[in-house]
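The block underneath contains the structure these notes are about, expressed in structure tokens.
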Amino acid sequence: MKILICISNVPDTTTKIKFVNNNTTFDKSGVQWIINPWDELALTRVLDLKDAQAGIESVTVMNVGLADAEPTIRKALAIGADKAIRINADPVDSFQVASLLADAIKKDPYDIVLCGIESCDYNGASVGGMLAELLDMPSVSAISFLNIAGGKVELKREIDGGQESIEIATPFVGIVQKGIAKDPRIPNMRGIMMAKTKPLQVLEPSAANTLTSVGSFDLPKAKAACKKIDPDNVKELVRLLHYEAKLI
Amino acid sequence: MSVLVYTENWDGKFKKLSFELVSYAHEIAKMLNTQTVVLSIGNVAHDELQKLGTYGASTVMSVDNDCCKNLDNQVYSHIITQAASKADANIIILAHNNIGKALAPRLSVRLKAGLATGVLSLPQSIEPFTITRKVFTSKAIANIIINTPVKIVTLLQNSFGIHENQAAVQIETFNPDLSAVTAKTVIKEVNKVTGKLLLTDAEIVVSGGRGMKGPENWGGIEELAALLGAATACSRPVSDEGWRPHSEHTGQTGKIIAPDLYIALGISGAIQHLGGVSGSKCIVAVNKDPDAPIFEAADYGIVGDVMKVLPEFIAAVKEIKQS
């Protein structure tokens, strides 16, 4: 089985967010970049299955981004992906990302394509579903469990109040939720050394449309100061919640 | 022209989320001077479909077809696409839950319709269609412009609320043509808890963090939640430690919620946690560290030992509920 994990290069989750050019552009200065957490968990699970001899022939990661995404892509190789593809573009919206990925995947298809359920930069939660539709492939969303045994794929997806166990034939697009792996893999020294010689192919982007654009960004308005209540007077908190906020 | 809403049903019943989606769509339909059409897929009784009229639906299209009991993303996308065409919809509204997230992107491609996900409010303008959504895990807001004739929006649950707008509602059976698509998702088993208030549905959420010290201390959280009719939640370290199930984890990589009241007990409020709860209308924090970031996000706070505060909190709630 050939498996592709689409990875997004995102600011570290503790980044202080700033904008430039009249609040139209995210300020990348001083930002630490990471593999989008859900993508990293998907990659971890697939590598665990590969190590367990589940019948995985190759694990590829694909990113849509500029050359500055390469340290993040190399990290995916250091964790254990066999090869990487970067589509050289600075995309405007999810549809453009999905279109660029779809065009590359059509030329070199995979049995399973995995995407994280959202990315922690633009939080669109859209690329995986769009990609599946562009490829005319089935998709399963909110996957919290993946197993491959004897060529069969078993999934669990999150539903309200529980999970559904699902079987699906390949090829399909899987959109991955937390739970698929406990902790992301951390690259070891050998992995980091090997990553330097693994193939990282750069593709020039196809012509892809956009459907939306961002007019501008704002920062959330500062909240009013927290009303502090004396720890020896918890009753006062409950009184305020009842009479002032009218919430209980 | 119309605004089309897709709402799922839960064992044949709608819930507050369905009515919220219809209320929201109705408000957009007013801006466009058009009507609200709702699509329901699955076996839902006439009386139940009728309820959607209370919130402004003028037409309900009901697909009651055995092939569509289980969610298959391709089959459902085909149905919604055909409904959108029949209703001549120019705006389509779905919930920003697992099902909406699974379907909206597919619809966006099928209908060449720009998509704005997880919105919390009405569009700022219709022409151009501009709507705000949170980005960078609630650390910023983006003003999204949708440039296509058909637009798709997913609404974050409990961000708009329900509003009654009684309309004369017409219920129609809708028979989509499914000859071009087959369901490929085979459901082997369903494991779910019924009867428990879902975290995403709850108006009040009581949440515990590492300050609760261990799973054996969750009795107090459950007692307070029961008294308030609240759901229980937790921070990431708590679910990672296995003190509570992953389904309770709220935060960046867990559930994003927007309850009316969020009570954070022994949670320091890491930026990733705040990203998941900052949509709450009111946040109460109890933490022994006066510099904990949760107090930056909180409306009411107590700097103190949660182990000592929680029993007094419970007692005070009992007292006020009795008065």
Side-chain angles (χ1 to χ4, degrees), chain A residues 11 13-14 17 19 37-38 94-95 117 120-126 128-130 132-134 138-142 158-169 175 178-179 211-220 223 226-229 231 234-235 237-242 245 247-248, chain B residues 10 73-74 77 98 101-102 105-106 108-110 114-118 130 134-137 139-148 184-194 196 198 228 246 252-254 260-261 271-272 282 295 297-304 309 312-313 316-317 320:
Chain A
T13 52
T14 56
I17 303 297
F19 300 98
W38 294 271
S94 307
F95 181 73
I117 196 161
C120 57
D121 49 4
Y122 296 101
N123 308 98
S126 311
M130 288 178 172
E133 189 63 40
L134 289 162
S139 58
V140 180
S141 190
E158 297 291 302
I159 56 168
D160 282 349
Q163 292 175 323
E164 283 173 343
S165 304
I166 288 175
E167 251 181 42
I168 192 160
I175 299 151
K178 227 194 135 190
L211 301 176
T212 61
S213 55
V214 176
S216 62
F217 295 98
D218 294 313
L219 293 174
K223 248 190 131 157
C226 175
K227 197 178 263 188
K228 294 277 173 64
I229 292 119
V234 182
K235 267 187 182 177
L237 170 66
V238 174
R239 199 192 65 78
L240 287 167
L241 289 174
H242 186 68
L247 289 167
I248 65 174
Chain B
W10 292 261
N73 294 344
Q74 280 175 304
S77 307
N98 282 339
K101 286 182 204 171
R106 296 200 75 122
S108 167
V109 172
R110 292 188 72 78
L115 168 63
T117 54
T130 311
K134 290 187 176 179
V135 290
F136 294 99
T137 317
K139 286 186 273 186
I141 295 156
N143 300 297
I144 305 285
I145 303 163
I146 303 185
N147 305 308
T148 51
K184 300 192 186 78
T185 316
V186 183
I187 293 164
K188 294 294 203 190
E189 199 185 336
V190 180
N191 278 310
K192 69 174 177 181
V193 189
T194 46
K196 190 172 184 268
L198 294 174
L228 296 172
H246 278 295
Q252 181 161 267
T253 52
D260 297 335
L261 175 60
I271 197 155
Q272 295 92 334
C282 178
F295 291 116
D299 298 274
Y300 299 99
I302 292 182
V303 178
V309 171
E312 292 173 28
F313 200 152
V317 170
I320 215 152

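Here the structure is a predicted model, which is why all the values come from computation and not from measurement. Proteins come first, then strands; the chains are lettered A, B, ... in the order of their sequence lines, and each starts at number 1. The figures that follow rest on heavy atoms only: side chains count, while hydrogens, waters and symmetry mates do not.
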Tell me if a side-chain donor or acceptor on [X] pairs with a main-chain N or O of [Y] at a distance below 3.5 Å.
X        : Y        : result
A:Lys178 : B:Gly254 : no
B:Asn73  : A:Ser139 : yes
B:Asn191 : A:Gln163 : no

Can you sort out the partners of A:Ser165 under side chain to side chain donor-acceptor pair (under 3.5 Å), two or more places apart, ordered by chain and number?
->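 With neighbours one apart ignored, the set is empty.
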Against chain A, label [X] side chain, backbone, both or neither, depending on which of its atoms sit under 4.5 Å from a heavy atom there.
X        : result
B:Ile144 : both
B:Gln272 : side chain
B:Ala116 : neither
B:Ile271 : side chain
B:Lys196 : neither
B:Ile145 : both

Measuring from atom [atom1] of [X] to atom [atom2] of [Y], what distance do you get when rounded to the nearest 0.5 angstrom?
X        : Y        : atom1 : atom2 : result
B:Lys188 : A:Ile168 : NZ    : CD1   : 12.0 Å
B:Tyr300 : A:Ile229 : OH    : CD1   : 7.5 Å
A:Leu237 : B:Ile302 : CG    : CD1   : 4.5 Å

Which one, [options], leads in non-hydrogen pairs under 4.5 Å with chain A?
options                      : answer
B:His246, B:Gln74, B:Lys192  : B:Gln74
B:Gly301, B:Ala316, B:Ala297 : B:Gly301
B:Gly304, B:Ser108, B:Gly114 : B:Gly114
B:Ile187, B:Val190, B:Ile146 : B:Ile187

Proximity breakdown for A:Tyr122 and chain B, heavy-atom pairs closer than 4.5 Å |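 Both parts, backbone and side chain.
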Using a cut-off of under 4.5 Å for heavy-atom pairs, which of [options] has the most such pairs with chain B?
options                                : result
A:Ala142, A:Ser126, A:Ser213           : A:Ser213
A:Asn123, A:Leu240, A:Val214, A:Val140 : A:Asn123
A:Ala125, A:Gly161, A:Gly162, A:Ser94  : A:Gly161
A:Leu219, A:Ile166, A:Ile175, A:Leu134 : A:Ile166

Any chance you could lay out the side chain to side chain contact (heavy atoms under 4.5 Å, CB included) test for B:Ile320 and A:Lys235, step after step, and finish with the verdict?
-> CA-CA 9 Å; B:Ile320 215 152; A:Lys235 267 187 182 177; over 6 Å; no
For the side-chain contact (heavy atoms from CB on, under 4.5 Å) test, which of A:Asp160, A:Ile159, A:Ile117 pairs with B:Asn98?
->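 Result for side-chain contact (heavy atoms from CB on, under 4.5 Å) with B:Asn98: A:Ile117.
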Side-chain heavy atoms of B:Ile141 within contact of A:Phe217, under 4.5 Å |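 They are not in side-chain contact.
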